[in-house]
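The chain is numbered in sequence order, starting from 1. For ligands, and for the atoms within them, numbers begin at 1 and follow the listed sequence.
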Amino acid sequence: MAVYTLPDLPYDYGALAPVIAGEIMELHHDKHHAAYVKGANDTLDRLAEARDENNLSGLVGLEKTFAFNLSGHVLHSIFWDNLSPDGGDRPDGELASAIDEYFGSFDAFKAQLTTATAGVQGSGWGVLGFEPLGRRLIIEQVYDHHGNVGQGTVPLLVFDAWEHAYYLQYKNVRPDYVSELWKLVNWQDVAARFDAARA
Ligand code: MN
């Protein structure tokens, strides 16, 4: 039985239009995210086979493949819930206060996360996360799905900067896509993740 499963989108494919076209959402969820789920499950099976056969010669490759696919599954699962057709505006409450505390202001935070996302070299993500040792908010620029991250950081708000997330609609102009993405942010979901991470 598969360990990981593809979650349903919490809205219709076309619900995030015009910011994200329905065609992008369908491909992104049904093909790309699904492939990461399958890749994580398949790699777990191959790791089990390698143990059973007492042949760990391919372990380095399997570990890399597992990290890539599992992290892709985790980030996309968060990404869908971070977005909403009713999103946008700004957070309030403790999340808003924490953003002010750790980034100076909402505008400074927004500029940093926008630049982190738009400036990914190749494929990756911009991430607002809760770092549990310092018990603080940080922004990470993630390469692929799993590079350039601090261990233990809990992702709260993730922006997909892979070309598959925007290219059909925004072509090569990634900054326009990132700028539009802010209109969809479900701050209630981000705040709930912030509360859970601190608990
Ligand atoms: Mn993606």
Side-chain angles (χ1 to χ4, degrees), residues 2-44 63-85 87-88 110 112-130 138-150 153-187 189-190 192-193:
V3 173
Y4 300 106
T5 55
L6 181 67
D8 290 334
L9 287 177
Y11 34 71
D12 294 336
Y13 295 126
L16 304 184
V19 174
I20 305 176
E23 184 184 13
I24 290 179
M25 293 300 296
E26 185 168 2
L27 286 166
H28 199 171
H29 176 268
D30 292 10
K31 304 298 182 186
H32 292 276
H33 187 174
Y36 302 131
V37 173
K38 182 176 189 306
N41 286 321
D42 287 353
T43 310
L44 280 183
E63 293 287 6
K64 285 184 178 173
T65 300
F66 185 62
F68 174 84
N69 284 288
L70 175 60
S71 300
H73 177 34
V74 168
L75 287 173
H76 285 91
S77 297
I78 297 169
F79 184 55
W80 310 134
D81 286 346
N82 278 167
L83 305 179
S84 164
K110 185 174 177 179
Q112 186 176 339
L113 184 55
T114 295
T115 302
T117 308
V120 168
Q121 293 178 323
S123 299
W125 299 71
V127 172
L128 168 68
F130 177 74
I138 61 171
I139 287 172
E140 296 184 318
Q141 187 178 53
V142 178
Y143 283 86
D144 293 327
H145 302 306
H146 54 312
N148 208 37
V149 297
T153 301
V154 181
L156 306 176
L157 173 62
V158 302
F159 284 170
D160 193 338
W162 284 55
E163 286 186 348
H164 67 225
Y166 64 89
Y167 212 89
L168 284 177
Q169 189 174 352
Y170 294 88
K171 303 297 189 287
N172 58 309
V173 193
R174 190 194 279 167
D176 284 359
Y177 154 72
V178 178
S179 165
E180 289 295 295
L181 210 45
W182 288 97
K183 296 178 181 172
L184 299 176
V185 174
N186 180 346
W187 290 110
D189 180 66
V190 180
R193 292 177 189 280

Problem set entry | Whether His76 has an N, O or S atom under 2.8 Å from the Mn ion (ligand 1) | yes

Exercise. Is His32 close enough to the Mn ion (ligand 1) to have an N, O or S atom under 2.8 Å?
Worked result: no

Seminar exercise, completed: Closest to the Mn ion (ligand 1), among the N/O/S atoms of His164, is atom NE2

Exercise. If you measure only the distance, is there a donor-acceptor pair under 3.5 Å linking the side chains of Tyr4 and Asn69?
Worked result: no

For this session: Determine, stepwise, if the pair Val149 / Val127 fulfils side chain to side chain contact (heavy atoms under 4.5 Å, CB included).
Result: CA-CA 10 Å; Val149 297; Val127 172; over 6 Å; no

For this session: Give a yes or no answer on whether the side chain of Asn186 reaches the backbone of Asp189 with a donor-acceptor pair at less than 3.5 Å.
Result: yes

Problem set entry | Angular separation of His28 NE2 and Asp160 OD2 about the Mn ion (ligand 1), given to 10° | 90°

Exercise. Given His33, which of His73, His28, Lys38, His76 fulfils the side-chain hydrogen bond (donor to acceptor under 3.5 Å, both in side chains) condition?
Worked result: His73

